[in-house]
Every structure is written in structure tokens, then in C-alpha cells.
Chemist: 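Pasting a structure below so you can have a look.
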Amino acid sequence: MANPLGGRPRISGVRTDRATATRAALGAVSGLLAGCAALAVAELVAALVRPAASPLTAIGGAAVDRAPAPVKDWAIRTFGEQDKAVLQLGMLLTIALFAALLGVLATRRRRTACVVMALFGAVGAVAALGRPDAAGPADASPSLIAGLVAAAVLFVLAGKSTSVAAASAEGGSGLSGWWSRRGFLSAASLTAVAATGAGGLGRALTGARGREAAASREAVRLPAPASPARDVPRGARLRVPGISEYTTPNADFYRVDTALVVPKVDADSWRLRVHGRGITGTRVHTFAELLARPLIERDITLTCVSNEVGGPYVGNARWLGVPLADLLAEAGVRPPSRGGPADQLVARSVDGMTLGTPVEDVMDGRDAMLAVGMNGEPLPFRHGFPVRMLVPGLYGYVSACKWIESIELTTFAAYDPYWVKRKWARRAPIKTQARIDTPKPFARVPAGTVTVAGVAWAQRRGVRRVEVRVDEGPWREADLAVENTVDTWRQWSYRWPAEQGGHTITVRATDGTGRVQTEKRARPIPNGASGWHNVFVTVE
Ligand SMILES: Nc1nc2c(c(=O)[nH]1)N[C@H]1C(S)=C(S)[C@@H](COP(=O)(O)O)O[C@H]1N2
Ligand SMILES: [Mo]
């Protein structure tokens, strides 16, 4: 490009512009290709080492863990259960942008750009090593290797793209132009083909692992419970259009967790380790062994602490599982009230999540369990296959560990689990709540009798009464469906003689101890939302 005669280049301004544009465009393409190569190589190496050690999963996971609460709340509110997909898309776009910029930079400062590219790999490696489920130094390899490969690809492509741009600056039509374009195109195509191959192979390997886990799930034959659930009483299910079904189908059951990729655990190689204060050594349980124990089957309503008043993160299912208190008692565990040295049970999952539960609650006679079945089938992967914990009456984040792999008996003073480190409460019994399912907020309904209906829950205490108020009118008692158990929600309905105009419908529940649900509004953090749910509707 430099003029051999010195001084300003001989070429015209138009050519210079075109050359600059060509150079930048080819640089961007080189950067993008290097980025693709990096992701593909990372995928392949991660498949061989540990799928969760891939840079996307590691950096995404680190972002989820570090995101300030308001950002997390906003993401959940805005994107709901799509929040993880949105995060991944955002990461891909960011990577693409950086890769393209580095590619452009590489046409001027090739070495610098390549070093920065390699450094991105190092960032991924640090993220992978810092994950709570990191398995060892090998977890750094997918990112490091990907960074180095990307740097090498960028080095070669940037070199070739510079020759193309140089040739185009000289007119670009001669043999040298053709030759340099050919060189760039073949290197670019080779990169694209190799990246596709590596990425595809990585996917296939990870897929094969997933299929093994799926096969182990298919092979599960759930035994009949030694203690079946009582039949759901007739009258516990109301027939009102728009109301939440009494039993939430698995496909509709809410999902809340921090896993960017749903863990696919092979039930055959899965083990549960139980250890800690009051237990000598470590007790190890296999899945087959758990299934061989006497199982209980119970209807339990699970609720997420991050559920807003009126929110969707609550569901009711029929669970099958091993009574957790018995299993702990066999291991020698005594609750604090009987002199046991541990007051906190910390459950850890295969993806490094930790949840802390009061030992007293687990052993006070309620149906705390290690669940293996949900509504008649093995747990779906999304809901914790092969085994999860459930403790009626406690929010999920202090009780319902999915993909559980160990239980440690410790104390609240000695250890803070994941959410507690993030300012959520150590202890979190579920608060009494009532929700209006129908009519929907801002619905337009015809004047006359409108059926207002929904669900109310107060696990462990039960729901005794639900009342509805229109505008500032008197509280009217709603019809309650028959109670199944104190651990499950109750449907309710109210026939409202609706008159034209805009109206606010408010609902509140009274629990089995006679306490009316508090009107005081509280945000979900630190120990669950409170306040009365209301919806505004227009009667026409
Ligand atoms: N391994 C793991 N278990 C977990 C979580 C998680 O992030 N990881 N989230 C908890 C929370 S906050 C809730 S509310 C319940 C939700 O269970 P579900 O997704 O089956 O409805 O799982 C709990 N168990
Ligand atoms: Mo939760």
C-alpha cells in the first residue's frame, strides 16, 4: 500500500475509500469467522471435558450469579422463563460485535488484535474455574483452546484480507488481485467448514450424553407408593373457565433456576452423599436404592419466593418420594429440638446450587421428601431428574433442590447458601396468598354475573376463607373448593353482579389459624411478597 516513491499514495481518493471499506469489511468477516471458530472449538472441547465448562455457559452463569437483584428482577419480569434464552442471544450478539471489531482492528494492528482475542479466551477460563460446579483445572481448557484457535484464525485471515485490500487499492483487477482474493476466500471457507465440523461434532457428543441420561429416565419404573396420596376430594376442583387447574400439568409447571443449560443427569451413575454434623462418615445412596425404599406420595403446592403478588411462580403437583426425615434419622441425625448438633441442612445440586433448610422443619413430621416422581412420571429434567428435595411450607429456594447430589448437615451460623449470600432470608416459610386468575387484568367483561375465580395458598396452615371486594365495597366471602390438604392450594370463585364501568377487584385469604393475609405490600426480596392481589376490569 505504501507508495514506493514516497510521499502521498498515487491512487485516487475514491480508490482509497474503497480500499479502506474493503479492508474493514474483510477484517470484520475475519473477526466473525474467528469468533465462530472459537465457539465451535469451545463446544467440542467442552463436550470432551465437561459441557458446563463451555465459555458461554460459564460466562453466562457468572453473569447470572453476579447480576444485581434489580437487573435479575427486571429480566424475569420482562422475559419470564425466556430470560435465559435472551441472555444467551445477548451474549452471542456481544461476542459477534467484539469479534467483528477485533477483526477490523486486526487489519491495522494484527498482533494486538490476536492477543486481545486470546485474552477473551482467558476471561472464559477464569469464569469456568470460578463456577461453583467447576470440576478442576481441565474446566479452563475449552476457553483457553478456543481463544488460541481464534487468535490463530484471526492472524491468518487478517493477513490475507490485508493483501486483498492492498490489491484492490491498486485496482484489484490484475492477477495479484485475483490471487489474493482466492487466498482469502479459501482460508475463510476452510475456517467456516472446520468450525461447522467441530461445532457439529461437539453438539453430537453432548447430545449423546444427553441421550444416555434420557435413556436412563425412560428406563425408570416408578414403584407404587407405600403411602399413597389421598384421593383429591370431589369438589376440590372447580369448573370455572380460566382458573388454574387444581393439579398443574408437568408441562405447565413453572420453572425457576439458575441453570443456563438444564442438567441431564444419568440416573444410573447418580449418587446422593449425605454427611456432616451428627453423621459418622458419608452415606451414599444410589437411585435404585432410593426407589427400593418405602415411598410416599403427596400433593404439595410449591411456590417461589420471587413470585410477585398475583404472579405465576406457583404450582401444585402429586409428588412421589422418599421420606427425608427417615433417611436422615437412619444416618443418625436428630433435630435441634432433640439435641442434634446441626440446625441447617444444605442441599447441593450437580450444577453447584446450594439451598439451606432448617433441619427442624424437615424432621417435624411434615412430608419432606426426596422426590423421584411428579404427576405419575419420573421427574422431568427441568424439574430435577433424577431426584429433588421438597419440603411443604417452605419457598423453593430454601427447600426444593433440583438435581440434588449431596446433603450436608451443618449450622446456619457456619454456612450461607447461594441465595442467602445474595441477601435473601435464611429462613423463609411461605406467606399466605390469594390470586385472581379470572378475569384477567384490564379485561372487558359484559355486565351481569361475572365469575371471579382463582387460587389461594398457605402451605402447612391451610386456607380457611377467601374474600373478594369490589372497589371500596364490603368484603364478600367467596365459595371455596373442598380442601385436599393443608399443603395444597385451594381454588375459589365468586359470582359478582357486575355493573357498568371500571372496577378494581381485590382478594384476600385467611389461613387455617385464622390469620387474615396482610394488606402490607412487600417485595419478594428478602422473604417473599405480601399484599392483596387486585385486578382492574371494565364492565361494558
Ligand atoms: N439446582 C437448583 N435447584 C433449585 C433451584 C436452582 O436454581 N437450582 N431453584 C429453586 C427455586 S428458587 C425454586 S422456586 C424451585 C423451583 O422448582 P421448579 O423449577 O421445579 O418449579 O427450585 C429450587 N431448586
Ligand atoms: Mo424460588
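Index from 1, following the sequence. Order of appearance sets the numbers: ligands from 1, and atoms from 1 within every ligand.
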Chemist: Verify the distance criterion only: is there a donor paired with an acceptor across the side chains of Arg298 and Thr488 at less than 3.5 Å?
Modeler: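 Note: Arg298 and Thr488 side chains miss the donor-acceptor criterion.
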
Chemist: Measure Met353 to ligand 1 on non-hydrogen atoms and call it side chain, backbone, both or neither using the 4.0 Å cut-off.
Modeler: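 The answer is the side chain of Met353.
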
Chemist: Report yes or no: is the cationic atom of Arg427 (NZ for Lys, CZ for Arg) under 6.0 Å from the centre of the six-membered ring of Phe412, at an angle within 45° of the ring normal?
Modeler: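 Geometry flag: set, cation within 6.0 Å and 45°.
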
Chemist: Could you list the donor-acceptor pairs under 3.5 angstrom formed between side-chain atoms of residues 204-215 and any protein atom two or more places apart in sequence or on another chain?
Modeler:
residue: Thr206; atom: OG1; partner: Gly202; partner atom: O; Å: 3.0
residue: Arg209; atom: NH2; partner: Ala47; partner atom: O; Å: 3.2

Chemist: Under 4.0 Å, heavy-atom basis, I'd like to know which part of Cys304 is in contact with ligand 1: side chain, backbone, both or neither.
Modeler: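 The answer is both.
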
Chemist: How far is atom 24 (N) of ligand 1 from its nearest protein heavy atom, and which residue and atom name does that atom have?
Modeler: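 Answer, as residue, atom name and distance: Ala400 O, 3.0 Å.
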
Chemist: Relative to Tyr418, does Arg422 satisfy both conditions: NZ or CZ under 6.0 angstrom from the six-membered ring centre, and within 45 degrees of the ring's axis?
Modeler: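 Yes; both conditions hold, so Arg422 lies above the ring face of Tyr418.
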
Chemist: Does the pair Asp487 and Arg460 meet the rule for a salt bridge (charged side-chain N to carboxylate O under 4.0 Å, His left out), with working shown?
Modeler: CA-CA 5 Å; Asp487 291 334; Arg460 294 312 294 147; 3.0 Å; yes

Chemist: To which of Thr258, Val256, Asn250, Val64 does the heavy atom nearest atom 11 (C) of ligand 1 belong?
Modeler: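 The residue whose heavy atom sits nearest atom 11 (C) of ligand 1 is Val256.
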
Chemist: Return a yes/no value for Thr303: is any of its N or O atoms, backbone included, closer than 3.5 angstrom to an N or O of ligand 1?
Modeler: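 No; every N/O pair is 3.5 Å or more apart.
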
Chemist: Phe536 vs Phe442 aromatic rings, parallel, tilted or perpendicular, using cut-offs 30° and 60°?
Modeler: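 The rings of Phe536 and Phe442 sit tilted, inter-plane angle from 30° to 60°.
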
Chemist: Which is it for Tyr395 and ligand 1 at heavy atoms under 4.0 Å: side chain, backbone, both or neither?
Modeler: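 The answer is neither.
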
Chemist: Assess whether a salt bridge exists between Arg318 and Asp299, defined as any Lys/Arg side-chain N lying under 4.0 Å from an Asp/Glu carboxylate O.
Modeler: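 A salt bridge links Arg318 with Asp299.
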
Chemist: Quick one: does ligand 1 sit under 4.0 Å from the side chain of Leu302, the backbone, both or neither, non-hydrogen atoms only?
Modeler: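 Side chain only.
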
Chemist: Between Phe253 and His383, how do the two ring planes meet: parallel, tilted or perpendicular, split at 30° and 60°?
Modeler: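 Perpendicular: the ring planes of Phe253 and His383 meet at over 60°.
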
Chemist: Geometry only, no angles: is Gly396 polar-contacting ligand 1 at N/O separations under 3.5 Å?
Modeler: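 Gly396 vs ligand 1: no N/O contact under 3.5 Å.
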
Chemist: For atom 21 (O) of ligand 1, what's the nearest protein heavy atom and its distance?
Modeler: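 Looking at atom 21 (O) of ligand 1, the protein heavy atom closest to it is Tyr254 O, 2.7 Å.
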
Chemist: Quick one: nearest non-hydrogen protein atom to atom 6 (C) of ligand 1, plus distance?
Modeler: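 Its nearest protein heavy-atom neighbour is Asp257 CB, 3.4 Å.
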
Chemist: Using a 4.0 Å cut-off to any heavy atom of Phe253, which atoms of ligand 1 qualify?
Modeler: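 Listed by number with element, the hits are 21 (O).
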
Chemist: Should the proximity of Tyr313 to ligand 1, defined as any heavy atom under 4.0 Å, be assigned to the side chain, the backbone, both, or neither?
Modeler: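 Neither part.
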
Chemist: Of all the non-hydrogen atoms in the protein, which one sits nearest to atom 17 (O) of ligand 1, and at what distance?
Modeler: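 Going by distance alone, atom 17 (O) of ligand 1 is nearest to Arg388 NH2, 2.9 Å.
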
Chemist: So does Arg230 pair up with Glu297, basic N to acidic O under 4.0 Å?
Modeler: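 Answer for the salt bridge query: no.
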
Chemist: Does the ring pair (Phe, Tyr, Trp, His ring centres under 6.0 Å) test come out yes or no for Trp419 and Tyr395, once each step is laid out?
Modeler: CA-CA 12 Å; Trp419 292 108; Tyr395 285 118; over 10 Å; no

Chemist: Any ion pair linking Glu43 and Arg203 (charged N to carboxylate O, less than 4.0 Å)?
Modeler: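 Counted as a salt bridge, because a side-chain N and a carboxylate O are separated by less than 4.0 Å.
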
Chemist: Among the heavy atoms of Met389, does any lie under 4.0 Å from an atom of ligand 1?
Modeler: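 No.
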
Chemist: Can you tell me the protein heavy atom closest to atom 19 (O) of ligand 1 and the distance?
Modeler: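 For this ligand atom, the closest protein heavy atom is Lys402 NZ, 2.6 Å.
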
Chemist: Identify, for atom 12 (S) of ligand 1, the protein heavy atom at the shortest distance, and state residue, atom and that distance.
Modeler: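 Scanning the protein heavy atoms, the shortest distance from atom 12 (S) of ligand 1 goes to Tyr397 CB, 3.6 Å.
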
Chemist: Quick one: does Ser349 get an N or O within less than 3.5 Å of an N or O on ligand 1?
Modeler: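 Yes, there is a polar N/O contact under 3.5 Å.
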
Chemist: Going by atom type alone, with no hydrogens or angles, which donor-acceptor pairs under 3.5 Å involve a side-chain atom of residues 125-135 and a protein atom two or more places apart or on another chain?
Modeler:
residue: Arg131; atom: NH1; partner: Asp65; partner atom: OD2; Å: 2.9
residue: Arg131; atom: NH2; partner: Asp65; partner atom: OD2; Å: 3.1

Chemist: Does only the side chain of Asp351 get under 4.0 Å from ligand 1, or the backbone, or both, or neither? Count heavy atoms.
Modeler: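 Answer for Asp351: side chain.
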
Chemist: Hey, is ligand 1 close enough to His383 that some N/O pair sits below 3.5 Å?
Modeler: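 Checking ligand 1 against His383, an N or O pair does fall under 3.5 Å apart.
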
